[in-house]
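For reference, the structure discussed in these notes is given below.
In what follows, chains carry the letters A, B, and so on, assigned in the order in which the sequence lines appear, proteins first and then strands, with residues in each chain numbered from 1.
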Protein chains: 10
Amino acid sequence: MLVRLLYASRIAGDTICDTVQEITRQSREFNPPHGITGVLCHTDKVFMQVLEGGRDAVNGLYAKILGDARHSDVILLHYEEIDERRYSGWTMGQANLCKVNRATLLRYSECAELNPHGMSGKNALALIDDLMSAAAVVAHA
Amino acid sequence: MLVRLLYASRIAGDTICDTVQEITRQSREFNPPHGITGVLCHTDKVFMQVLEGGRDAVNGLYAKILGDARHSDVILLHYEEIDERRYSGWTMGQANLCKVNRATLLRYSECAELNPHGMSGKNALALIDDLMSAAAVVAHA
Amino acid sequence: MLVRLLYASRIAGDTICDTVQEITRQSREFNPPHGITGVLCHTDKVFMQVLEGGRDAVNGLYAKILGDARHSDVILLHYEEIDERRYSGWTMGQANLCKVNRATLLRYSECAELNPHGMSGKNALALIDDLMSAAAVVAHA
Amino acid sequence: MLVRLLYASRIAGDTICDTVQEITRQSREFNPPHGITGVLCHTDKVFMQVLEGGRDAVNGLYAKILGDARHSDVILLHYEEIDERRYSGWTMGQANLCKVNRATLLRYSECAELNPHGMSGKNALALIDDLMSAAAVVAHA
Amino acid sequence: MLVRLLYASRIAGDTICDTVQEITRQSREFNPPHGITGVLCHTDKVFMQVLEGGRDAVNGLYAKILGDARHSDVILLHYEEIDERRYSGWTMGQANLCKVNRATLLRYSECAELNPHGMSGKNALALIDDLMSAAAVVAHA
Amino acid sequence: MLVRLLYASRIAGDTICDTVQEITRQSREFNPPHGITGVLCHTDKVFMQVLEGGRDAVNGLYAKILGDARHSDVILLHYEEIDERRYSGWTMGQANLCKVNRATLLRYSECAELNPHGMSGKNALALIDDLMSAAAVVAHA
Amino acid sequence: MLVRLLYASRIAGDTICDTVQEITRQSREFNPPHGITGVLCHTDKVFMQVLEGGRDAVNGLYAKILGDARHSDVILLHYEEIDERRYSGWTMGQANLCKVNRATLLRYSECAELNPHGMSGKNALALIDDLMSAAAVVAHA
Amino acid sequence: MLVRLLYASRIAGDTICDTVQEITRQSREFNPPHGITGVLCHTDKVFMQVLEGGRDAVNGLYAKILGDARHSDVILLHYEEIDERRYSGWTMGQANLCKVNRATLLRYSECAELNPHGMSGKNALALIDDLMSAAAVVAHA
Amino acid sequence: MLVRLLYASRIAGDTICDTVQEITRQSREFNPPHGITGVLCHTDKVFMQVLEGGRDAVNGLYAKILGDARHSDVILLHYEEIDERRYSGWTMGQANLCKVNRATLLRYSECAELNPHGMSGKNALALIDDLMSAAAVVAHA
Amino acid sequence: MLVRLLYASRIAGDTICDTVQEITRQSREFNPPHGITGVLCHTDKVFMQVLEGGRDAVNGLYAKILGDARHSDVILLHYEEIDERRYSGWTMGQANLCKVNRATLLRYSECAELNPHGMSGKNALALIDDLMSAAAVVAHA
């Protein structure tokens, strides 16, 4: 059974670049053998990541994230059983939202800054779709 | 929570040009920090303005408008909670309806003159959409 | 409140050309100040006219038509309150159905001749739409 | 082809009782042989009448009403081709709206008084349905 | 044109009983001649009121409320043009939410306390419908 | 923002009765002040629990469950943002599925035994609804 | 493949009673072995009959009717492939429409007289449904 | 009232070419004055013809076909009242299905041979639409 | 994954009673441990059986039936993945269609005799539903 | 009656190339005279084949496959009555899924390997559609 899971978290500590690099490196190793695909969006303060894969694999990874000291305020934004993956071509796509234009962020938010803890899951997914279609998601950070 | 609010008002006094210029200048200062976007339509007699943003911010601005002596006969045409802004790219777009062609105004009105106090909210929004797609909305007056 | 009204009538007397010219001339004077737009179709035997505008204005004009000796067998084919005009760009478009191709008339009729008194309102409107998209409606007769 | 037609008019002159009685008497003679059924609502100022029957019969009667000096400000509220009559059991039902309760009139109006010239056709039909289900329509005045 | 408007406000000052009594008395005088109907819900901290009536009348009353020192943090929760009133039988129904059972409030809220400033307009209307069907709305406070 | 979360877990260790009693006692203390409502189903091998409440509160509790040694193989079955709670009247309802009839379990499963790790979230929710309508959910174990 | 076929015809000659009796007797012999069911409506001038059964059987019977001198002006009103018969319990139900009340006939017709040649197939079927639910269809004439 | 009628028949006798030519010639004479349009498909064994026109005209022609010795096993495949003709441009289009490719026939049939007596009306119409869009229907045989 | 499978077969040999008894006895042993539920309909010539259960279990049983010499002309009528069983309460319900009334069989068939090899899967399922609601399905033959 | 049937099986023995060649050769002989069309997908471990054709023909072929020693673990994934074939142009198209890209397989599966025994019928059909549109299906292996 395939599922899609979207969560947000705040970055614990301030070495954001290193954290993103590290997570990216771990994703490249961990995800392919576990059949997990997805996209990771981040600013210098928050993460928002969508994961797709088998229900057990995605739940296993989410439990690890909840227990990972690099993430705080982890919150589930969206979870659904799916017939078909949307990100099957991405081991783990990445988007740095500090570089995204103001209007894209305003479209779904009260202010022009990524604040996933204040967004509905539906809006958060719509924002990721906008980023995809604007080619703001890339294969490597 | 994002909302969209559309109101109409009559211009109190007759120095319409100055009033529009002043409102435009104030919008440019006030709206970006408050996350408000939208479009302002006017003739030399009436205003019709759509505002998008956080529910508190938009309500705060509407309360100021109701108390602003430059507006009389302020009337709410439309209000809804939205998932997504339609005007996220406009700090405050403007359209001078004195310059719009007769058929556009007739499409939603009994006569070829802007009369938002006699329009339904749905028609008023449809007129603004028509103006957008006909490039009659501009970034600066 | 905007309405759309479609009626048919037979031409009383036989000077059809003069009648059409006269009605056209009167429309050009009467309709713009009353905010009425529409399309007039005719053969040398029958009229079929769609009128759009404010409810009072359209009803006033229809009462005049019912009392006008040039029209006999006046019959209402369609009437609806509308959000949006379909013919806002036409003071009074015209189509001479004697010149229309056989297949267009057959599409909605038992025989290849305009017979609005035997058509439903829905079919009569669909025929006018076909004429519009085939550029058979012109601004002047 | 069956149609349903709803119009409103103001009563010209002030002998409302006599007018209603007269119209009722005429309906009882005229409607059955012409296959017309319907309902007549009135206050002491306005009429609102729904007519059902063959398209020619209903149009013929409506033309007579437009030319009848007892009616002024005649306005069409609704007209549609129907598959099935709603009032087939009523030669001409009647409802005196002076006797209707305040809440019923307020449901569809800005004030608690019948004002069909300010109502949409849809609301006017809904009001008649409410009157029917509240047994406010009777066979004889 | 009929509209329905729902707003919430906090009670400025602490003499809540007197304020509710005063507002009730004013409603009984003001609403009937202006054709306004609705329901007022309150706790000892907040108001939530739904108003129905003509667009001008409801806007006029809402402008007065925004300028009334007894209300603070006034916020619009819902506004729509309606075909039909839902509260045509209530001059101004009342519900004291301090007396409502815990489960009713929890159904639409994170905590068992009325907090309209944190509710969507849709949920706030649904809560009022629940109160109506549970007979928690009464004609006099 | 309200959410509904449904998860399943296996009971780690074999003192099922004590575990259920303990969880029940903790729920009665923890849930009301956190605004959490829901239903707990169990056999002597597995738990399946649906939680409703504010998004932060429910996520906080789910993180605790993931880190709680009494639960193993914790898996998310369903998560959605909701407008309205379904279990607002239950601090934490309970159903012992060992006592449920064979046909109820077969309706959604390959075998007549609760196996939530093999069910879709939709079926798991439908089973809980069936238990509710069959009065198999009780307020205290 | 099951079909439903509805036709109308005028009775050729004037011995209507004998004709109906004869057709009824023939139906009782012919229909059961051919798996045909249905309903026969008649006045003293016209027949309207709905037939259900296998496509070949119904077409065979309809060809016989077209060639039967007792029927003139035979016209098909409705024909459809069906998943399920509506009249499976009737070898050939009968309804004498001379005895039906005026309002039932007016519901679908311009005049209070059965005129199937002027009805749409949809209305003719609806009339038969009305007769069924009013118990005006009987097993033997 | 417009109808569309589709029937199939087997060709009685074996001089198929002559029969088709003769039927074509008769169609060209008979159809235009009767307002009938349509398409005739044939192999060397079976006919399948769709007719559109006034209800009386199409029924009259179908009765003639049923009595025509050149057709045997005549069976109605589809009949409906229509708002609009689909074949208004064809006096009688023709398609020789012996020349159609195997995949087109297989799409709606168990074998690659036209067998309308074994097809549903819906599939038979879909096959004609396929032939039209593949330009396999021509104006003259 | 749950599935529903409906097949028909002819009874090979003529000792129908013994065959049904034997199959019933085998079902009672085989189905419960394999989680299979369903209904068996039969006349003295044909079987029609619906099976529900896990996909592997149902496929395994169907393969056995195809290889079972007591069944000939085995044909699949319907197969679908289901969220919920319809027959979870029946180990293997039974209906002897020789005892069913004529109208029930005619509703879905050309003749009043069970002929599942000539029925669509949809109609066959609808017939079983009719039998269920008419209490013609029993727990033991 | 046309049906579509999709099954999966494991290849018994390991001479996959020979098996595929043999099955392909047999399909080319058997399918055209039986009116069967479809597509065969395989890896070096599993088959997944969709068959379209008459209900009897497809059932006959499926019974042969169930009894064919080259297939083991045969399981039905999808079966439906269809109005129209989707693969009418393919005697038996083929796709070697060992050559398909990783993202295509991941789209519907937990891992990047064809595992039809773990897929729903809907997903298996969607995968075949993806292969078709990516031109991964060819006429000869």
Nearest heavy-atom neighbours spanning B/M1 and E/M119:
CE-O, 3.9 Å

Are there residues of residues 49-62 of chain B that reach to under 4.5 Å of chain E by heavy atoms, and which ones?
B/R55, B/D56, B/N59, B/Y62

Look only at the side chain of E/E81 and the backbone of B/S120, and say whether a donor-acceptor pair between them is shorter than 3.5 Å.
no

Residues of residues 99-115 of chain B under 4.5 Å from chain E (heavy atom pairs)?
none

Counting only N and O atoms by type, is there a donor-acceptor contact under 3.5 Å from the side chain of E/Y79 to the main-chain atoms of B/L76?
yes

